[in-house]
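Here the structure is laid out as structure tokens; the discussion comes afterwards.
Note on naming: letters A, B, ... go to the chains in the order of the sequence lines (proteins, then strands), and numbering restarts at 1 for each one. In this text, all values refer to a predicted model and were calculated from it rather than measured experimentally.
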2 protein chains.
Amino acid sequence: MVDKKSKNWTGCPVRFGMSQFGDKWSFLIIRDIMFKGRRYYNEFLEAGEGISTNILANRLADLEFNGLVSKHQDTIKRSKYIYRLTEKGIALMPMMLSMIDWSERYDEQTEVPAEFIKKLRESPEALQKELLEQLTKDSTNG
Amino acid sequence: MVDKKSKNWTGCPVRFGMSQFGDKWSFLIIRDIMFKGRRYYNEFLEAGEGISTNILANRLADLEFNGLVSKHQDTIKRSKYIYRLTEKGIALMPMMLSMIDWSERYDEQTEVPAEFIKKLRESPEALQKELLEQLTKDSTNG
DNA sequence: AAAATTGACTTGCTTTTTACAAGTTAAATA
DNA sequence: TATTTAACTTGTAAAAAGCAAGTCAATTTT
């Protein structure tokens, strides 16, 4: 959990960030939506890192509560819920890309595609625009 | 703790990042060194968020183990230890600055100085260079 | 030189979170 | 009508965090 109760987590920007999305699983969920096109509870579960169902539900609720993620019923299949990044969530993209850039440098076993990293370093604006379109286009649902 | 045992945390850059610095306290320690000029155990303790002594020791050890932070005896007062960011740690600056930029936007009670945020948005290179000099100059010790 | 203090932890114990397995519920198929 | 799918919830054990107190070496003070 990312702290809710406790004192005052506003003010300092790093502390504020931590209170909004500052735990491992939140980052991974944001990654899944932002870069992997995942949008359903099920898809997050199958992400590979093995998050537990209760933790996932909890983190999605936190992220929604903090306004980073929105939750809507799927219009076609009403038993499903679509999770999306809000504008506030999408605005984390530069931070996420910086992290990716860093990890590519320091993880010897990085799996970041060479093409992606090249684009990130040579024309970050273009890459960001591309990713943003992916996030926004959104296949009619919700 | 930021996971040590468990499977394979390399590969995915977000997952890798989480394994290297992916918890609240680690971020706050990095902030303290990077932006507040703190370098001693004591100074981290007094940071205001109230980290426990054992957790602080543990996180510093993790960060050192991961090569983000270095630890050296203070040359003047040998009972003290100086903690610094390594190059690898310093390389997180763009990510930290992106987070600060984001928080300034979304935290209504942000305390980021207007001057700082202006510089960050108008001439990020210059700001980064300034901050870097602060980190590198380093008052003769260690 | 002895006593007190500083600085950086470590230890023990309680509380809070996380992880894992199993169960529930509504909606959509078969 | 009976299954299956999708998204959770609940219960419980294990791990991590938080808190207070204690250790220990290097200063400083008396």
Side-chain angles (χ1 to χ4, degrees), chain A residues 1-7 9 15 18-19 21-29 32-33 37-65 69-84 139 141-142, chain B residues 1-7 9 15 18-29 32-33 38-66 69-84 141-142:
Chain A
M1 187 108 33
V2 194
D3 256 287
K4 264 167 198 161
K5 49 201 174 200
S6 62
K7 317 174 194 178
W9 283 81
R15 191 173 56 208
M18 288 305 98
S19 74
F21 54 78
D23 96 299
K24 188 176 81 176
W25 295 118
S26 301
F27 272 95
L28 293 176
I29 291 169
D32 281 353
I33 310 182
R38 297 190 179 124
R39 287 177 308 179
Y40 299 100
Y41 183 93
N42 255 322
E43 297 179 312
F44 301 132
L45 267 188
E46 292 157 5
E49 282 90 5
I51 189 172
S52 303
T53 57
N54 53 346
I55 304 296
L56 175 56
N58 184 300
R59 290 308 183 286
L60 285 171
D62 284 355
L63 289 170
E64 194 192 355
F65 178 83
V69 156
S70 69
K71 176 182 180 180
H72 296 289
Q73 228 172 25
D74 187 300
T75 47
I76 298 161
K77 209 171 178 180
R78 282 178 312 157
S79 66
K80 296 177 82 174
Y81 288 98
I82 299 191
Y83 291 94
R84 291 197 190 80
S139 40
N141 280 330
Chain B
M1 186 105 38
V2 194
D3 254 290
K4 264 168 199 160
K5 47 199 175 202
S6 62
K7 317 175 195 177
W9 283 82
R15 190 172 57 207
M18 290 304 99
S19 74
Q20 295 267 306
F21 54 79
D23 96 299
K24 189 175 79 176
W25 295 118
S26 300
F27 272 96
L28 294 176
I29 292 169
D32 282 353
I33 310 182
R38 296 191 180 123
R39 287 177 307 178
Y40 297 100
Y41 184 92
N42 254 325
E43 298 181 310
F44 301 132
L45 267 188
E46 292 157 7
E49 281 91 4
I51 188 170
S52 302
T53 56
N54 54 344
I55 304 295
L56 174 56
N58 183 299
R59 289 309 183 284
L60 285 171
D62 283 354
L63 289 171
E64 194 192 355
F65 178 82
N66 289 329
V69 156
S70 69
K71 176 182 181 181
H72 296 289
Q73 227 172 23
D74 188 298
T75 46
I76 298 162
K77 210 173 178 181
R78 281 177 313 157
S79 66
K80 297 178 80 174
Y81 287 98
I82 301 192
Y83 290 94
R84 292 198 188 81
N141 279 329

Whole angstrom value for the distance that separates C1' of C/dA19 from CG of A/L56: 13 Å

Heavy-atom side-chain proximity of B/F21 to B/F27 below 4.5 angstrom: yes

Protein and nucleotides 6-9 of chain D: nitrogen or oxygen contacts under 3.5 angstrom:
from  : atom 1 : to    : atom 2 : distance (Å)
D/dA7 : OP1    : A/Y81 : N      : 3.3
D/dA7 : OP2    : A/N42 : N      : 3.1
D/dA7 : OP2    : A/N42 : ND2    : 3.2
D/dC8 : OP1    : A/K71 : NZ     : 2.7
D/dC8 : OP2    : A/Y83 : OH     : 2.3
D/dT9 : O4     : A/T53 : OG1    : 2.7

B/S26 side chain near B/D62 side chain, heavy-atom distance below 4.5 Å: no

Nearest-angstrom distance from the residue atom CD1 of B/I55 to C1' of D/dA16: 7 Å

Interatomic distance where CG belongs to B/D74 and P belongs to C/dC9 [whole Å]: 13 Å

N-O pairing of A/D32 and A/R38 below 4.0 Å: yes

For atom NZ of B/K24 and atom C1' of D/dA16, their distance in whole Å: 12 Å

Atom pair CD/CZ of A/E49 and A/F44 - distance to nearest 0.5 Å: 12.5 Å

Distance, rounded to the nearest Å, where B/D23 contributes CG and D/dA17 contributes P: 7 Å

Gap between atoms CG and C1', on A/L28 and C/dA19 respectively (whole Å): 16 Å

Electrostatic pair A/D23:A/R59 at N-O distance under 4.0 angstrom: yes

Phosphate OP1/OP2 of C/dT18: any A/W25 side-chain N/O under 4.0 Å: no

Between P of C/dC9 and CZ of B/R59, the distance in whole Å: 15 Å

Validation row: B/L56, B/W25 side chains within 4.5 angstrom (heavy atoms): no

Rounded interatomic separation in angstrom, taking CZ from B/F44 and P from C/dA8: 10 Å

